[in-house]
Chemist: 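Pasting a structure here, questions to come.
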Amino acid sequence: MKDAKAITITYLTKASYSSLNGADKEADNIVSIKKIQKNDGKEYPYCSSQAIRRALREQLSSMGWELSETTVAKQKKGAASTLCEPSKYIDDDLFGFMNADSKETVKRTSPVRVSPLISLEEYKGGMDFGTNYMSVKSGGNPNIFETEIHSGFYAGTILIELDRIGVKSAGDLYELDLSLSERKKRAKALIDAIQNLWTVGRQSRFLSDISPKFVASAVLKVKNPIFLECVSVDNGNVNLDLINNTIKDFSKYILDYAVGERKGFFAKDNNELLPLGECFDKINSWIEEYYTD
């Protein structure tokens with residue numbers, strides 16, 4: 001396992017009635033969702049990688065980890081930054097930072113690479129109609145608005161660079177050299193946050209569970225999100241042919257792999273797949289082994 005460089009986790013979830021991530025308004029009374037046009041000409045909703053990273057941060061906070069505070073830029077047109085202390089704060093370590101206020105720009109490239117969470121089903125124009133009556137008692141008129149909504153399966157990928165968690169890279173202008181036990185603790189916390197992924201945005205009226213329901217994961221001797229384009233759903237079940245072909249194609253780079261599903265969630269359980277909890281236990285065992293003397 002000491003030859004490992006990365007863990008890749010491609011996950012599938014389902015949002016039955018959702019408005020996961022807002023976009024610019026197309027009209028004053030319409031709240032849009034982010035969408036991407038694929039090469040078939042259709043539009044597919046997605047939750048941005050920024051939103052997923054924010055969700056992971058928030059979950060780490062709810063698990064008891066202290067997060068790095070955001071600071072206001074000193075320069076007039078500068079960007080806000082965190083405290084940029086990766087030795088102290090897990091989010092500065094895992095998700096990186098950039099501080100351009102000092103004489104030299106201090107930055108850390110995130111060792112946790114995150115893709116957007118993209119729907120496998122196109123947007124078909126679903127709208128939720130709403131009326132805000134808050135101003136009526138004071139003589140105002142009801143405010144009518146609509147929100148774009150969507151239902152379907154969503155797929156995303158997270159790549160974790162094991163060799164970079166808790167240590168700095170060559171040329172980095174900060175100090176970071178954590179013990180193996182602390183690096184292990186942070187990596188396992190990240191896996192727990194992924195297993196319990198929940199975005200805090202747009203949840204007051206559109207509560208959604210975007211935690212993984214299917215996972216294809218591997219610990220690799222290279223850094224490559226091998227399953228990122230390999231997840232599809234046919235007739236309510238995950239298509240495993242592409243997953244299995246990918247495992248065969250990259251067999252010389254894969255040290256171990258785990259593929260799991262939430263039993264009872266899909267149209268038919270697959271006996272070849274691990275229960276989801278056991279799948280995450282196996283991922284944690286890779287981390288346990290990697291960060292051990």
Chemist: Which atom pair, heavy atoms only, marks the closest approach of L159 to P225?
Modeler: CD1-N, 4.3 Å

Chemist: For the side chain of S151 and the backbone of S16, is there at least one donor-acceptor N/O pair under 3.5 Å apart?
Modeler: yes

Chemist: Within a strict 4.5 Å, meaning less than it, do heavy atoms of the R183 and L180 side chains meet?
Modeler: yes

Chemist: Restricting to non-hydrogen atoms, name the atom on S217 and the atom on C279 that form the minimum distance, rounded to 0.1 Å.
Modeler: OG-SG, 4.2 Å

Chemist: Is a donor on one side and an acceptor on the other found under 3.5 Å between the side chain of K38 and the backbone of I36?
Modeler: no

Chemist: Using the rule that two of Ile, Leu, Val, Met, Phe, Trp, Tyr join whenever any of their side-chain heavy atoms come within less than 4.5 Å, decide whether L276 and L117 are in one cluster.
Modeler: yes

Chemist: Could you pull out all residues at least two apart from D209 that satisfy side chain to side chain donor-acceptor pair (under 3.5 Å)?
Modeler: S211, K213

Chemist: Can you confirm whether more than 12 heavy atoms, excluding those of N235, are under 6.0 Å from its CG atom?
Modeler: no

Chemist: Any link between W65 and I191 through a network of hydrophobic side chains (Ile, Leu, Val, Met, Phe, Trp, Tyr) touching at under 4.5 Å?
Modeler: yes

Chemist: Do F97 and V112 share a hydrophobic cluster (ILVMFWY, side-chain heavy atoms under 4.5 Å, transitive)?
Modeler: no

Chemist: Minimum heavy-atom separation for L197 and Y11, please, with both atom names.
Modeler: CD2-OH, 3.6 Å

Chemist: A quick test of your reading: do over 12 heavy atoms of other residues, nucleotides or ligands sit less than 6.0 Å from NZ of K2?
Modeler: yes

Chemist: Sub-3.5 Å donor-acceptor pair from the side chain of S115 to the main-chain atoms of G156, do we have one?
Modeler: no

Chemist: Any idea which heavy atoms bring E161 and K223 closest together, and the distance?
Modeler: OE1-NZ, 2.7 Å

Chemist: Inspect the surroundings of CD in E229 and state if more than 12 heavy atoms from other residues, nucleotides or ligands are less than 6.0 Å away.
Modeler: no

Chemist: Is L242 reachable from L228 through a run of I, L, V, M, F, W or Y residues, each pair having side-chain heavy atoms under 4.5 Å apart?
Modeler: no

Chemist: Under 3.5 Å, which donor-acceptor pairs do the side chains of residues 87-95 form with other protein atoms, sequence neighbours left out?
Modeler:
| residue | atom | partner | partner atom | Å |
| --- | --- | --- | --- | --- |
| S87 | OG | E175 | O | 3.1 |
| D91 | OD1 | S68 | N | 3.0 |
| D91 | OD2 | S68 | N | 3.2 |
| D92 | OD1 | T82 | OG1 | 2.6 |
| D92 | OD2 | S68 | OG | 2.9 |
| D92 | OD2 | C84 | N | 3.1 |
| D92 | OD2 | E85 | N | 2.8 |
| D93 | OD1 | R108 | NH2 | 2.8 |
| D93 | OD1 | G166 | N | 3.1 |
| D93 | OD2 | G166 | N | 3.2 |
| D93 | OD2 | R186 | NH1 | 2.9 |

Chemist: Can you give me the closest heavy-atom contact between E43 and P45, atom names plus distance?
Modeler: O-CD, 4.1 Å

Chemist: For residues A55 and W198, report the shortest heavy-atom separation together with the two atoms involved.
Modeler: CB-O, 3.5 Å

Chemist: Quick one: name the residues clustered hydrophobically with F153, using the 4.5 Å side-chain heavy-atom rule over I, L, V, M, F, W, Y, and just say none if it's on its own.
Modeler: L12, L120, F214, L220, V222, I226, F227, V231, V233, V238, L240, I243, I247, F250, Y253, I254, Y257, V259, F265, F266, L273

Chemist: With A51, which residues qualify under side-chain contact (heavy atoms from CB on, under 4.5 Å), at least two apart?
Modeler: N21, C47, S48

Chemist: If hydrophobic clusters are built from ILVMFWY residues whose side chains come within less than 4.5 Å, do V167 and I7 share one?
Modeler: no

Chemist: Can you name the side chain to side chain donor-acceptor pair (under 3.5 Å) partners of N224, sequence neighbours left out?
Modeler: none

Chemist: Please tabulate, for the side chains in residues 285-293, all donor-acceptor contacts under 3.5 angstrom to protein atoms that are two or more places apart in sequence or on a different chain.
Modeler:
| residue | atom | partner | partner atom | Å |
| --- | --- | --- | --- | --- |
| S285 | OG | K282 | O | 2.5 |
| W286 | NE1 | D256 | OD2 | 3.1 |
| E288 | OE1 | K188 | NZ | 2.5 |
| E288 | OE2 | K184 | NZ | 3.0 |
| Y291 | OH | L162 | O | 2.6 |
| T292 | OG1 | E288 | O | 2.3 |

